[in-house]
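The structure appears below as structure tokens.
Naming: A, B, ... by sequence-line order, numbering from 1 per chain.
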Protein chains: 2
Amino acid sequence: MSSIYQVAEMAGVSVATVSRVINERGYVSEKTRLKVQEAINILHYTPNQAAQSLTTSSTKLIGLLVPDINNPVFLEQSKGINDYLKDKGYILMYAESGEDDEEMSNMVRRFLSNRVDGMILCSRDFTQFGDMDAIIEPALKNNVHVVLNGYVDSKFEIDRVGFDNVRGAYLATEHLLKMGHSSIALIAGTDSTISEERYRGYREAHIDNHVSLNPALVVKGDFRQHSGYEAMLKILQMNPRPTAVFAMNDVMAIGAMMALEDHKVSVPDEIAVAGFDDIIWCSLIRPRLTSVVQPKYEIGKKLAEFLLSRMNDSYSGPGRHEIFGSRLAVRQSTVKSEQQ
Amino acid sequence: MSSIYQVAEMAGVSVATVSRVINERGYVSEKTRLKVQEAINILHYTPNQAAQSLTTSSTKLIGLLVPDINNPVFLEQSKGINDYLKDKGYILMYAESGEDDEEMSNMVRRFLSNRVDGMILCSRDFTQFGDMDAIIEPALKNNVHVVLNGYVDSKFEIDRVGFDNVRGAYLATEHLLKMGHSSIALIAGTDSTISEERYRGYREAHIDNHVSLNPALVVKGDFRQHSGYEAMLKILQMNPRPTAVFAMNDVMAIGAMMALEDHKVSVPDEIAVAGFDDIIWCSLIRPRLTSVVQPKYEIGKKLAEFLLSRMNDSYSGPGRHEIFGSRLAVRQSTVKSEQQ
DNA sequence: TTGAAAGCGATACCAC
DNA sequence: GTGGTATCGCTTTCAA
């Protein structure tokens with residue numbers, strides 16, 4: 001593979017000049033520029049990224065850490081990130097934390113060792129990392145910018161983009177209450193900030209609508225499909241049986257619906273189901289799943305935007321914090337046919 | 001970020017020695033090894049990939065090109081690839097060709113400019129690239145190994161892993177014929193090798209079962225969901241109306257099922273539907289979709305395995321060609337309740 | 001068993 | 001405008 005030296009030789013100039021035309025920096029006469037350009041074409045020359053990285057200490061790599069690759073939420077979000085970054089020449093390095101705090105630290109270290117230019121960390125709960133700042137600090141110190149999806153206290157000026165989980169859960173719960181349900185089971189996720197927030201919405205909707213809260217209706221899952229299935233099994237045992245279920249995310253809601261199907265319980269007639277995230281599966285499953293719409297793609301884009309603006313120094317002020325709003329997509333899983 | 005020099009200095013040895021302990025190559029006394037190791041730990045040192053790449057001319061990057069990121073088939077396949085490669089320190093660079101031949105060439109070039117160590121190219125039809133060898137050659141010449149998912153003639157010794165599309169389509173068609181359908185519409189994909197093969201299976205099943213083939217029953221789609229929807233609309237207009245539909249992939253089959261739902265045509269009672277690929281959506285949708293099972297994850301793994309064995313020279317013989325076999329997953333979309 | 005030094009391919013400062 | 005050259009962080013002979 002040809003190097004800058006061969007281009008220089010062929011064009012009869014120095015490597016410095018070739019470098020200038022490649023990077024469109026500094027003065028180069030039109031005539032030499034053409035000569036160099038031609039040599040580049042003939043040799044099919046493309047700069048060696050590794051060599052460039054070494055001198056510029058920029059790799060054009062972005063680390064992206066997500067909790068669960070199998071959850072379509074993160075896929076969608078990644079698309080937003082990737083679409084924004086790829087034209088700018090950045091490439092993504094994917095990693096999965098599996099919601100495990102040790103794994104998270106490992107991956108961040110690995111990003112650092114790969115000398116990523118920046119990283120985007122997504123977590124359902126940053127507080128679990130005890131001292132998140134300790135993880136972030138080495139990155140920031142080495143001029144590796146970090147943006148977070150989710151919330152965490154930090155002494156650093158760090159950008160975050162989040163989603164109004166409280167409001168989202170509120171909307172879903174309120175909707176169920178308005179549909180006449182007064183006993184709404186909750187399939188919760190793992191202990192985490194996100195679960196707390198979604199629980200708060202569930203709780204506040206009850207309070208505002210003067211419906212008493214029953215702790216016995218809360219069943220814990222782990223945000224994955226199977227746990228939704230299991231949780232629903234427990235809910236079916238309850239006496240009296242709830243007439244509605246709100247799951248803290250869609251994949252659990254779908255697991256729950258499968259359990260209902262297996263037990264021949266009709267949705268929404270016997271039990272109404274609502275989820276959270278509005279993943280593509282909501283429209284695939286029958287009945288279609290009512291869900292809180294999270295603008296995943298836009299969140300991804302915003303994360304990328306924040307990061308890029310930090311990396312190219314077009315912004316260097318205090319930590320920004322963007323919260324995307326919620327909306328509920330009402331579908332068949334919560335609306336009885338006679339109510340439609 | 002600390003460099004090898006700082007480690008060397010701290011440990012009181014030369015950089016060469018540090019390099020030896022990092023790479024576990026050459027002789028190092030246990031005593032010095034320990035000293036160096038300690039310095040590494042204290043400094044949280046990790047080798048700079050870019051610098052390593054520059055000397056070793058290996059980037060630990062693998063280029064992966066897929067036709068359509070939105071199709072779960074490729075997601076699943078990528079997982080197989082990634083799982084196999086990540087422990088070995090390789091990272092994937094994803095690119096999407098959108099089934100566009102120009103884009104494909106671009107991406108391959110970009111891989112080259114990023115000096116990937118190897119690349120995995122997936123396409124539904126390599127023949128469209130006119131001279132595929134012209135694309136592969138620069139890669140191979142620069143010691144960048146290439147493996148293909150799919151078939152193409154090549155003068156190079158190149159590894160490929162494929163799937164028995166003819167057999168798969170045969171199984172699905174045969175199943176529909178056996179279920180008593182004699183008029184089976186076909187939703188085809190874009191003109192491509194894969195479409196041809198799947199058509200051949202459809203055709204052969206008809207011949208072997210002495211059912212005449214009707215070209216009017218073939219409607220062309222583009223492998224994407226919407227085209228399946230549109231195709232089904234056309235099929236519904238046919239007179240007489242077919243009693244079964246075989247779509248060349250699942251996302252089109254699902255699009256077709258949505259059209260049927262919108263027009264209140266019951267599946268499988270009025271029209272039976274079968275797809276191809278066995279993506280996760282098949283079990284989500286109701287009725288569950290009968291589909292040809294393609295071992296996507298295993299195919300991905302095999303691709304990675306082939307590539308790795310070439311890269312580390314553990315294999316350098318003639319081009320290998322592995323074809324995975326088919327099996328049909330029969331589900332509700334093709335079996336009437338009274339037949340179950 | 002260890003160290004000195006050349007070289008990988010680019011960038012950027014300093015002369016001219 | 002253009003060229004010479006130190007430098008980035010590492011690997012790898014070659015000597016010692």
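Under 3.5 Å, the side chains of S309(B) and R320(B) contain a donor-acceptor pair of N or O atoms. Between the side chains of N82(B) and Y90(B), no donor-acceptor pair of N or O atoms lies under 3.5 Å. Checking S314(B) against N312(B) by side-chain atom types alone, a donor-acceptor pair falls below 3.5 Å.
Using a 4.0 Å cut-off between charged side-chain N and carboxylate O, E298(B) and K301(B) make no salt bridge.
Across its full length, the helix from dT1(C)-dA16(D) to dC16(C)-dG1(D) shows an angle of 40° between the axes of its 5 terminal pairs at either end, rounded to 10 degrees.
Both tests hold for K88(A) against Y84(A): distance to the six-membered ring centre under 6.0 Å, angle to the ring axis within 45°. The cationic group of R124(B) lies under 6.0 Å from the six-membered ring centre of F223(B) and within 45° of the ring axis, placing it in a cation-pi geometry.
Counting to the nearest Å, the P atom of dC8(C) and the CD atom of Q6(A) are 10 Å from each other. Computed from coordinates, the K35(B) NZ to dG3(C) P distance equals 8 Å when rounded to whole Å. The separation between Y27(A) atom OH and dA12(C) atom P is 16 Å, rounded to whole Å.
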Its contact letters, B for base, S for sugar-phosphate only and - for none at protein heavy atoms under 4.0 Å, make nucleotides 10-16 of chain D read BSB----
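Proximity of T32(A) to the phosphate of dG1(D): no side-chain N or O atom is located under 4.0 Å from OP1 or OP2.
Here the closest non-hydrogen pair linking F111(B) and A95(B) is CZ-CB, 3.8 Å.
You'll find the ring centres of Y94(B) and Y94(A) inside the 6.0 Å limit.
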